[in-house]
There are 2 protein chains.
Amino acid sequence: MTGETDRKQAAEHLALTLVGAGMQRMAARVLAAFLFTDAPSLTAGDLSEELGASAGSVSGAIKMVMQMGLIERAPAPGSRREHYRMRDRAWTTLYGRQHAPIDDILSAVAHGVETVGPGPARERLIYMRDFYEFLLSEVPTLIERFEAQRSGQHRGESRP
Amino acid sequence: MTGETDRKQAAEHLALTLVGAGMQRMAARVLAAFLFTDAPSLTAGDLSEELGASAGSVSGAIKMVMQMGLIERAPAPGSRREHYRMRDRAWTTLYGRQHAPIDDILSAVAHGVETVGPGPARERLIYMRDFYEFLLSEVPTLIERFEAQRSGQHRGESRP
DNA sequence: GCGAACGTTCAGAAATTTCTGAAGACAGAT
DNA sequence: ATCTGTCTTCAGAAATTTCTGAACGTTCGC
């Protein structure tokens, strides 16, 4: 069955969990709309109507989601409006981006190590610094591994 | 050099970057205080004074940071107050916890896959589901690898 | 050019989050 | 048992974030 209502509900539900994970509310709703649509592209107007939100907030949200590298402009055939669609690597990109703050944390901690004299605090800071350095080097590898594995088996199929 | 003022500044700076990464303000400040102290344990009163915050907000922050598994009660010798200290595995724990939302995202997406009929949207949802499933299985491995590597070389040293 | 349709920006309103201060609860000392 | 110092809870205040609506630009068709 799965009426249009169910689809919207599922989309809103996902948007809310993304908010729980730290994403801005409207940006999450816009992202979910793209994820759940079968249309090849959406315009700001489409989103405004679909989400029942003002043109202003949709504009801001699109800007954010674009900066995150999750959607892109779609070649607009004859149409006057700007069309957008999800990018292919959206999810790995999103995950990679969530690691951007790690850079900042790392430099803050490294500065701490320089500032603090010998003692337990310094040992702790060194441990933390090493851990975040490790992460920073391993995450890209992780993502590559997923992409390789996926294009390898090319499953793209659903389940029972 | 590195006076007490520098230490506090470095701690506050780290707290702010943690806030940028999504942590609550006061919780981040409390955490940084523990990270940067050479004292074997801190009490709520110590923190309140050190951070210039009310007893109420410190209490709430301690509760959060405890629930995150980053600090623990320290055996209090004769003292009437409650003493706390950082846990050993704090940082790997913190990182693991940041992945808790992934569980939620995963089930929201899985539900989406069930709800949506065949089409581009469904393919997208399947890709996303697979990616988050992959993450969920790989992250614990990653952390184990770090811990193994660390206890292996046992470097615990600073740099020039 | 001129007009109309869209998109963007921004000041202010609304909602949410976060902090404080005071009142209450608890544990140990006397 | 009572008192004292310490922690917790909670209602309201303050600050921050987020949304809206209106004014302004831009681009395309005529």
Side-chain angles (χ1 to χ4, degrees), chain A residues 11-12 14-34 39-68 70-85 101, chain B residues 11-12 14-34 39-68 70-85 101:
Chain A
E12 283 297 323
L14 176 61
L16 285 186
T17 68
L18 287 173
V19 169
M23 194 174 298
Q24 313 269 62
R25 188 180 137 80
M26 193 58 75
R29 295 183 70 204
V30 164
L31 187 59
F34 277 104
S41 65
L42 295 174
T43 68
D46 295 338
L47 288 165
S48 183
E49 186 184 3
E50 169 87 12
L51 302 177
S54 75
S57 61
V58 168
S59 174
I62 288 179
K63 199 172 170 185
M64 284 183 216
V65 180
M66 280 257 293
Q67 271 191 326
M68 286 196 250
L70 301 175
I71 64 175
E72 63 191 355
R73 291 202 161 75
S79 168
R80 179 138 38 147
R81 328 196 207 167
E82 208 63 64
H83 287 245
Y84 301 93
R85 68 181 172 207
Chain B
E12 284 297 323
L14 176 61
L16 285 185
T17 68
L18 288 173
V19 169
M23 193 176 299
Q24 313 268 63
R25 188 179 138 80
M26 194 57 76
R29 296 183 69 203
V30 164
L31 187 57
F34 277 104
S41 65
L42 296 174
T43 67
D46 295 337
L47 289 165
S48 183
E49 186 185 1
E50 169 86 11
L51 302 176
S54 74
S57 60
V58 168
S59 175
I62 288 179
K63 199 172 169 185
M64 285 182 214
V65 179
M66 280 257 293
Q67 272 190 326
M68 287 195 249
L70 301 176
I71 64 175
E72 63 190 354
R73 290 202 162 75
S79 167
R80 184 145 30 153
R81 327 196 205 166
E82 208 66 64
H83 286 243
Y84 301 93
R85 66 181 173 208

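Worth knowing before you read on, the calculation uses all heavy atoms, side chains too, and leaves out hydrogens, waters and symmetry mates. Below, read A as the first sequence line, B as the second, and so on, with proteins coming before strands; counting in each chain starts at 1.
In this structure, B/A21 and A/P101 approach most closely via the heavy-atom pair CB-CB, 3.9 Å. Scanning all heavy atoms of the two residues, the minimum distance from B/S57 to B/M26 falls at OG-CE, 3.7 Å.
In the helix from C/dG1-D/dC30 to C/dT30-D/dA1, the terminal helix axes, each the rotation mapping four pairs' C1' atoms onto the next four within five end pairs, subtend 20°, rounded to 10°.
Test B/V65, B/L14, B/I62 against B/L31 for side chain to side chain contact (heavy atoms under 4.5 Å, CB included) and you get one pass: B/V65.
You'll find the side chain of A/R29 stays beyond 4.5 Å of the side chain of A/V19, heavy atoms only. Looking at heavy atoms from C-beta onward, A/F34 lies in side-chain contact with A/I71 at the 4.5 angstrom threshold. You'll find the side chain of B/V30 stays beyond 4.5 Å of the side chain of B/M66, heavy atoms only.
Contacts of B/R80 with the nucleic acid, taken as non-hydrogen atoms under 4.0 Å apart, include base atoms. Nucleic acid contact for B/G60: none, since no nucleic acid atom lies under 4.0 Å from a heavy atom of the residue.
As rounded to whole Å, 11 Å separates atom P of C/dA27 from atom CD of B/E82. Taking atom CD on A/E49 and atom P on C/dA5, their separation rounds to 16 Å, with Å as the unit. One can place CE of A/M64 at 12 Å from P of C/dT9, the figure rounded to the nearest angstrom.
Atom CD of A/E49 sits in a sparse spot, with 12 or fewer heavy atoms from other residues, nucleotides or ligands closer than 6.0 Å.
Looking only at atom types and distance, the side chain of A/R85 has no donor-acceptor partner in the side chain of A/S41 under 3.5 Å away.
Heavy-atom contacts of chain A under 4.0 Å fall on DNA chain D between two terminal nucleotides, which in 5' to 3' order are D/dT18 to D/dC28.
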